[in-house]
Amino acid sequence: MALVLSEDQQLLKDSAKNFCEQNAPVSVLRGLRDSKDEQGYDQTIWSQMIDLGWAGMAIPEAYGGFDFGYGGLGVVLEETGKTLVSSPLISTVLAGATAIVQLGSETQKQDLLPKIVAGELLTAIALDEHVIHNPSKIATTATRIEDGYSLNGSKTFVLDGHIANMLIVVARTSGETDSEQGISLFLVDANAKGLNVARTIMVDSRNCSNIQFNNVAVAEDALLGELDQGFNGLDTVLDIARIGIAAEMLGSMQTVFESILEFLKQREQFGVLIGSFQGLQHRAAEMYSEIELCKSSVRAALAGLDDPNTTRAEIAELASMTKAKLSEVFFLVSNEGIQMHGGIGMTDEFDVGFFIKRARVAQQFLGDASFHRDRYATLNGF
Amino acid sequence: MQSQQEFRIETRTWLEQNCPESMRTSMVQEEVIWGGRNAEFANPDSAIWLQRMAQKGWTCPTWPSEYGGGGLDKDQAIVLAEELARINARPALTSFGISMLGPVLLEYGNHQQKQEHIPKIVRGEIRWCQGYSEPGSGSDLASLSTKAELQGDNYLINGSKVWTSYADKADWIFCLVRTDFDVPKHSGISFILFDMASEGVSTKPIQLISGSSPFCETFFDDVKAPASNLVGRLNEGWAIAKRLLQHERTMISGFGLSAGQSDDGGTTSSISSLEGTAMHYRGDSKKLSDPVLRDQIARFKIDADAFAHTSRRSLEESKQGQGPNATSSMLKNYGCELNKRRYELMLQAIGTQGLGWEGEGFNDEELQLTREWLRSKANSIEGGTSEVQLNIIAKRVLGLPDILSLAQK
Ligand SMILES: Cc1cc2nc3c(=O)[nH]c(=O)nc-3n(C[C@H](O)[C@H](O)[C@H](O)COP(=O)(O)OP(=O)(O)OC[C@H]3O[C@@H](n4cnc5c(N)ncnc54)[C@H](O)[C@@H]3O)c2cc1C
Ligand SMILES: Cc1cc2nc3c(=O)[nH]c(=O)nc-3n(C[C@H](O)[C@H](O)[C@H](O)COP(=O)(O)OP(=O)(O)OC[C@H]3O[C@@H](n4cnc5c(N)ncnc54)[C@H](O)[C@@H]3O)c2cc1C
């Protein structure tokens, strides 16, 4: 398992860094927020990202992708995290395309993946139903009707729900509400009758929505993966997404940390640079250490995803380890980001506020530190 | 002398008769009364309540009745606070005049200054702001450079302040100015009062990460302040400044007690209990189903209880008439950290419903929580950062050597 970037990955990372700094700095997100943009993302920037091939990064060549692996997508996410790029990269490329690759039939892959690579299809995964992430607690039902299924229920915290053309809906086809058995996934056209998508304005200014399904009818071939047996595949998709989001968090915390260091080296009080105070030095040194651990965790997890020998159980453990660790450290770094800047840190004009807002959303997305520590313990049999 | 018990009965009766019903409900952010020339009373009962409390001097219970205060001793003030809490009465008035300026003016001001300003603070007629921090002088407050020069009967003030809470809404400012540039920094500072309506004063609001704009950049361009507005002696303002900060910290440390804090900095108690919220959002009835969160909340509440006892002990230990001391730094630091912890736990308790910003999909309390959580991050910055408090504890309470003054030797 290589924990250093390959030459190709490094090149990709450099070009992504350059792109984000030049084309998609934090001011873009600020602009989207302030103008109350209907789409919640910049379509020009997204087209440029498509042109750079980012949407096909982890998609096999057979389906129009570039087969660059999750290691490639990971470094891109790390860079987009650095400037808080709001784009369909997470909903569509990291989660949506992965779901189709992992669970889709040959026809579904042939049909959908090239459209994602070309930027013609946006997806959103409609999973959570409660205020706390719990992927097996699914009450939304899909019942058999003639020629297909009828969906009923409601979903919350659906990333990019209001801009997606297609929803990937996690529904119950049998079993108790809490059971992993009996979960199935469906591809639902965003224009389907009975679908009500309500955008929610989140603290991090990224796209989210609440979705209701009232007798939404889908055809037989809308089923993604096996009937009743969707949970395992879903969990793999979620683990990949958890690792991807951790890569994004890694980028974001590095920006905050750099901003702190810069301030410590530039702000003077008591006739000296504040960076000379040990009360701050030690905390900076500790954060540095934690961030180094985060980098290694993310690299290890991404490398694990791209290694064909990694088992399902190993991926799960890597995902929970990484998401727990990154959630914890992003929490720390985002808090210090405000505290160490003093008054300036509290102002909206200064970017660090965007990062603490993003931190709390990213921490909770697909399970917070507590969820993943618990899962890690279970996976390890204690 | 009236016995405590008599005082309690009398107070209870008075409150029963005089506190309007709608003032016996938890404070809501829009109805906090800050007073001042442009005072706003969203709820008309607030005006009645303020007028009645001010008449008794109970907006400032322990201040001397000579200047309009309540004239109560410490024990009576505790009884009054308990009786107010018993009926869940809202604070009739919240202001920097009460929590910061008044106490030092009573200690350092001359008779004429007290006569002019104290009654107006008690009655909420003048709203004050605090002109301490400057762009180059935050934690190192004593390096401040806003300049005041004597010209005839006036001081001519030039310079700028920053982070001045409510400077755009305040009527007067208590301001630190440099009156001597040729002496060590602590020895050239004076404490002066002036009207924000004076010519040459301008303010520019700064937006907080929580979305509101409670503080400002404040500019002084040849502002004239009568020389008689100088509090204490010329160039001896630093002692007054520090004294005021102790009062400010004691106020801020109160955020660590039960009440939450509103987005605009005033305290509210609209937030219901952490544990109740956590259980509600999980659909639990008897026991919080998440054992980790349960442990964290219990730990928080135990710390909060211990903190409340410590605040109370500190109050009882401080002698009558003597304000807070260096332990105010301990209380400030601990109280702030507690308040920040409470909000982080609250976010965990509410899960994704605590991540909304505005609009559909969230109820008002949820949206307010998000904003208050962001606002709480300032608690460990305003009134002197936590780092400054810890330095003060180390230096003044623990007697540890100070690296800065050692280095200068
Ligand atoms: C919401 C809010 C309201 C405020 N209201 C007012 C007001 O009404 N009036 C007013 O005058 N001011 C007000 N302030 C200003 C506040 O007092 C200052 O922000 C604070 O004192 C810190 O100063 P600074 O922002 O310049 O940070 P700096 O002093 O630049 O501090 C930056 C960082 O360095 C750390 N640091 C500095 N010195 C040391 C040291 N010796 N050892 C270790 N660490 C150190 C600080 O703790 C901080 O983490 C307010 C601030 C906020 C956030
Ligand atoms: C919001 C806020 C609140 C603060 N609260 C306090 C507080 O309660 N107590 C406190 O001490 N500081 C307080 N400070 C200021 C800060 O903590 C002190 O400046 C800090 O203690 C370092 O100052 P110093 O006097 O030790 O060092 P320096 O400012 O570097 O001074 C060097 C040495 O000279 C001495 N000195 C010089 N002139 C004087 C003078 N006129 N009077 C006394 N000593 C002098 C100092 O004691 C020190 O040993 C606060 C600052 C802020 C921003």
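So you know, we letter chains A, B, ... as the sequences are listed, proteins then strands, and number each from 1.
Other residues, nucleotides and ligands contribute more than 12 heavy atoms inside 6.0 Å of the CD atom of A/E268. Taking a 6.0 Å sphere around CD of A/E262, one finds it holds 12 or fewer heavy atoms contributed by other residues, nucleotides or ligands. At most 12 heavy atoms of other shown residues, nucleotides or ligands fall within 6.0 angstrom of atom CG in B/D364.
Under the 3.5 Å distance criterion, the side-chain polar atoms of A/E349 are left unmatched by any main-chain donor or acceptor of B/I206. The main-chain N or O of A/I201 is never found under 3.5 Å from a side-chain atom of B/E358 such that the two would form a donor-acceptor pair. With B/D140 contributing its side chain and A/Q269 its backbone, the two residues share no donor-acceptor pair below 3.5 Å.
Only the backbone of B/P135 has a heavy atom closer than 4.5 Å to any heavy atom of chain A. The parts of A/I344 that come within reach of chain B are both its backbone and its side chain, each placing non-hydrogen atoms under 4.5 angstrom from that chain. Heavy atoms of A/N335 lying under 4.5 Å from chain B belong exclusively to its side chain. Contacts of A/K36 with chain B are made by side-chain atoms alone, with heavy-atom separations under 4.5 Å and no backbone atom involved. In this structure, the portions of B/L374 lying under 4.5 Å from any heavy atom of chain A include both its backbone and its side chain. Using a 4.5 Å cut-off between heavy atoms, B/S137 touches chain A through its backbone atoms (N, CA, C, O) alone. Within the 4.5 angstrom heavy-atom criterion, no atom of B/S143 approaches chain A. There is no contact between A/R33 and chain B, counting heavy-atom distances below 4.5 Å.
For the pair B/W163/A/M346, no side-chain contact is recorded, criterion being any heavy-atom separation below 4.5 Å from C-beta on.
To the nearest 0.5 Å, atoms CD1 (A/I132) and CZ (B/R282) are separated by 4.0 Å. Interatomic distance, CG of B/L355 versus SG of A/C208, reported as 8.5 Å (0.5 Å rounding). Of the inter-residue distances, the one linking B/E360 atom CD with A/N210 atom CG reads 10.0 Å to the nearest 0.5 angstrom.
Taking chain B as the reference chain and counting heavy-atom pairs below 4.5 Å, the highest number among A/Q363, A/H341, A/R199, A/R267 is found for A/R267. Residue with the most contacts toward chain B among A/H133, A/H130, A/K357, A/M340: A/K357 (heavy-atom pairs, distance under 4.5 Å). The choice from A/F331, A/F277, A/F365 that makes the most heavy-atom pairs within less than 4.5 Å of chain B is A/F331. Note: A/T347 leads A/T347, A/V352, A/T200 in heavy-atom pairs under 4.5 Å with chain B.
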Assess whether side-chain contact (heavy atoms from CB on, under 4.5 Å) is satisfied between B/W373 and A/I356, documenting all intermediate values. CA-CA 11 Å; B/W373 158 69; A/I356 197 171; 4.1 Å; yes
Chi angles and distances behind the side-chain contact (heavy atoms from CB on, under 4.5 Å) call for A/R360, B/T370: CA-CA 10 Å; A/R360 294 306 178 276; B/T370 315; over 6 Å; no
For side-chain contact (heavy atoms from CB on, under 4.5 Å), just list the numbers for B/I209 and A/F350, CA-CA rounded to whole Å, side-chain angles, deciding distance to a tenth of an Å, and then say yes or no. CA-CA 9 Å; B/I209 57 174; A/F350 195 65; over 6 Å; no
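Looking at every heavy atom in both residues, A/F270 comes nearest to B/K185 through CD2-NZ, 4.1 Å. Residues B/S386 and A/Q339 approach most closely at N-NE2, 3.9 Å, considering heavy atoms.
Counted by atom type alone, B/T352 and A/Q364 present zero donor-acceptor pairs between their side chains at under 3.5 Å.
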